[in-house]
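Everything quoted here is computed from the prediction, not taken from an experiment. Naming: A, B, ... by sequence-line order, numbering from 1 per chain. Because only heavy atoms are used, hydrogens play no part in the values below, and waters and symmetry mates are left out as well, while side chains stay in.
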Protein chains: 2
Amino acid sequence: MEKSFSQIKELLISKGLKVTHQRIVIYHMLFNSLDHPTAELLFDKLKINNPSISLGTVYKTLDTFVQTGLAEKVLSETGSYRYDANLNSHHHIYFTDTKEIVDFYDSELQELIITFFKKKSIPNLKIKDFKLQIHGEKVDTAENQIN
Amino acid sequence: MEKSFSQIKELLISKGLKVTHQRIVIYHMLFNSLDHPTAELLFDKLKINNPSISLGTVYKTLDTFVQTGLAEKVLSETGSYRYDANLNSHHHIYFTDTKEIVDFYDSELQELIITFFKKKSIPNLKIKDFKLQIHGEKVDTAENQIN
DNA sequence: TTTAATGCAAAATCTTTGCAAAATT
DNA sequence: AATTTTGCAAAGATTTTGCATTAAA
């Protein structure tokens with residue numbers, strides 16, 4: 001799952017982007033983050049090994065990634081943009097208490113929904129993608145039913 | 001579907017909130033907006049009939065509504081919060097081209113998903129709610145299949 | 001009356017922009 | 001060498017905050 005710098009280079013080239021050190025490390029950090037970080041959070045982590053990197057560059061680069069389809073913005077209620085380089089179709093669990101956003105995927109559920117929309121289409125809409133946001137609370141027990 | 005001012009008063013009282021003119025008109029305007037407006041958009045519309053209303057009050061009031069469960073924030077990619085007073089469980093269609101966010105509800109789909117989660121629960125999660133975001137483009141033809 | 005909400009403006013937060021310097025092709 | 005990207009700081013956009021005034025209970 002981890003991507004090497006040379007794989008990331010290939011990826012950038014394949015999108016017609018210049019290969020810069022900043023793009024490589026930003027992509028690498030984002031791709032290996034499971035927590036859908038904000039630009040600021042990425043910047044803080046990147047600074048440690050790349051002291052000269054600037055927050056503006058992180059913003060610009062993330063925007064470039066979104067434009068070229070290397071990453072997506074994750075809708076968030078926290079007042080800042082969050083990003084995701086996992087482009088496999090997947091859903092998000094929003095933990096209302098901890099504000100974590102965690103990936104979720106289930107092929108059966110996926111099939112269920114796709115089958116539904118194949119059967120019942122929505123007027124004037126060409127569906128490109130759908131995402132389920134599952135909102136809930138962390139519980140330590142096995143008591144995790146839907147209410 | 002439309003709510004009268006006296007119905008809105010009752011609603012505010014039922015939530016333990018003081019009944020102010022601002023709260024009534026903000027709720028009324030939000031409840032009758034189908035487009036999931038931002039605070040600023042509501043403010044602009046409200047100003048016409050309530051010239052002394054302030055943007056800060058709109059923000060504070062919307063926040064109060066969210067806290068008391070009279071409204072919800074709608075996740076958005078546009079850089080500002082959008083709000084919704086339709087609290088019936090429903091989903092959202094995001095038109096990527098026009099940036100519109102339109103409500104969607106289908107009881108069959110609802111059942112499908114609920115049934116799925118009843119059968120297959122997610123570790124450490126107590127599901128409170130789920131929302132499907134359907135992303136797509138406006139089309140004028142009947143060609144609206146999922147791809 | 002007492003308590004809470006409003007309006008206003010200033011502050012805080014988050015993101016974008018402009019441009020010279022640096023890096024990539 | 002030509003072009004794009006970066007870093008920086010300033011500007012822009014959005015939201016929150018503090019506090020005196022006003023309104024509600």
Check your understanding: Atom CG of A/L41 and atom C1' of C/dC14: how far apart are they, to the nearest Å?
Key -> 14 Å

Check your understanding: Would you say B/Y59 reaches D/dT15's phosphate, i.e. side-chain N/O to OP1/OP2 under 4.0 Å?
Key -> yes

Point to revise | Nearest-Å distance for atom pair CD/P, residues B/E77 and C/dT15 | key: 13 Å

Check your understanding: Is any side-chain N or O of B/T61 closer than 4.0 Å to OP1 or OP2 of C/dT6?
Key -> yes

Revision key, fill the gap. Closest to the side chain of A/L55, out of D/dT14, D/dA25, C/dT15, is C/dT15

**Study point:** Whole-Å gap separating P (C/dT16) and CG (A/D63)
**Key:** 6 Å

Check your understanding: Phosphate oxygens OP1/OP2 of C/dG7: is one of them under 4.0 Å from a side-chain N or O of B/S52?
Key -> yes

Practice item. Let me know the distance between CG of B/L17 and P of C/dA4, rounded to the nearest Å. Key: 12 Å

Exercise for review: Could you check how far CZ of B/F43 sits from C1' of D/dA13, rounded to whole Å?
Suggested key: 15 Å

Check your understanding: What about A/K18, does its side chain sit under 3.5 Å from the base of D/dT3 through a donor-acceptor pair?
Key -> yes

Practice item. Using atom OH of A/Y81 as one end and atom P of C/dT13 as the other, report the distance to the nearest whole Å. Key: 18 Å

Practice item. Side-chain contact test, heavy atoms from C-beta onward, threshold under 4.5 Å: evaluate it for B/K9 versus B/I24 and give yes or no. Key: yes

**Study point:** Terminal axis angle for the helix from C/dT1-D/dA25 to C/dT25-D/dA1, five pairs an end, nearest 10 degrees
**Key:** 40°

Check your understanding: Quick one: on DNA chain D, does A/G16 or B/R82 contact a more 5' nucleotide (nearest heavy atom)?
Key -> A/G16

Check your understanding: side-chain hydrogen bond (donor to acceptor under 3.5 Å, both in side chains) between A/E40 and A/T38: does it pass, once the steps are laid out?
Key -> CA-CA 5 Å; A/E40 189 110 32; A/T38 61; over 6 Å; no

Check your understanding: Looking just at side-chain N and O atoms, do A/N50 and A/Q22 make a donor-acceptor pair shorter than 3.5 Å?
Key -> no

Practice item. Describe the nucleic acid contact of A/T38 in one word from base, sugar-phosphate, nothing, applying a heavy-atom distance below 4.0 Å. Key: nothing

Point to revise | No-hydrogen, no-angle side-chain donor-acceptor test under 3.5 Å, B/Y94 and B/K99 | key: no

Practice item. Describe the nucleic acid contact of B/T20 in one word from base, sugar-phosphate, nothing, applying a heavy-atom distance below 4.0 Å. Key: sugar-phosphate

Check your understanding: Whole Å only: how far is the CZ atom of B/F65 from the C1' atom of C/dT6?
Key -> 14 Å

Exercise for review: Report yes if at least one side-chain N or O of B/Q22 is closer than 4.0 Å to OP1 or OP2 of D/dT22; otherwise report no.
Suggested key: no

Exercise for review: Assess whether atom CG of A/L87 is packed by more than 12 heavy atoms of other residues, nucleotides or ligands within 6.0 Å.
Suggested key: yes

Review point. For A/T64, which contact category applies under a 4.0 Å heavy-atom criterion: base, sugar-phosphate, or nothing?
Key: nothing

Point to revise | Distance (rounded to the nearest 0.5 Å) between B/I48 CD1 and B/I53 CD1 | key: 12.0 Å

Check your understanding: With nearest nucleotides of DNA chain D determined for B/I13 and B/G79 from heavy-atom distances, which residue corresponds to the more 5′ nucleotide?
Key -> B/G79

Exercise for review: Given side-chain hydrogen bond (donor to acceptor under 3.5 Å, both in side chains), test B/D140 with A/N124 step by step and report yes or no.
Suggested key: CA-CA 6 Å; B/D140 6 54; A/N124 299 313; over 6 Å; no

Review point. What do you reckon, are the aromatic ring centroids of B/H90 and B/F104 less than 6.0 Å apart?
Key: no

Check your understanding: Base, sugar-phosphate, or nothing: which does B/S80 touch, judged by heavy atoms less than 4.0 Å apart?
Key -> sugar-phosphate

Check your understanding: Taking atom C1' of D/dA23 as reference, at what distance in whole Å does atom CG of B/N50 sit?
Key -> 15 Å

Check your understanding: Which one, C/dC8, D/dT15, D/dC8, comes nearest to the side chain of B/K60?
Key -> C/dC8

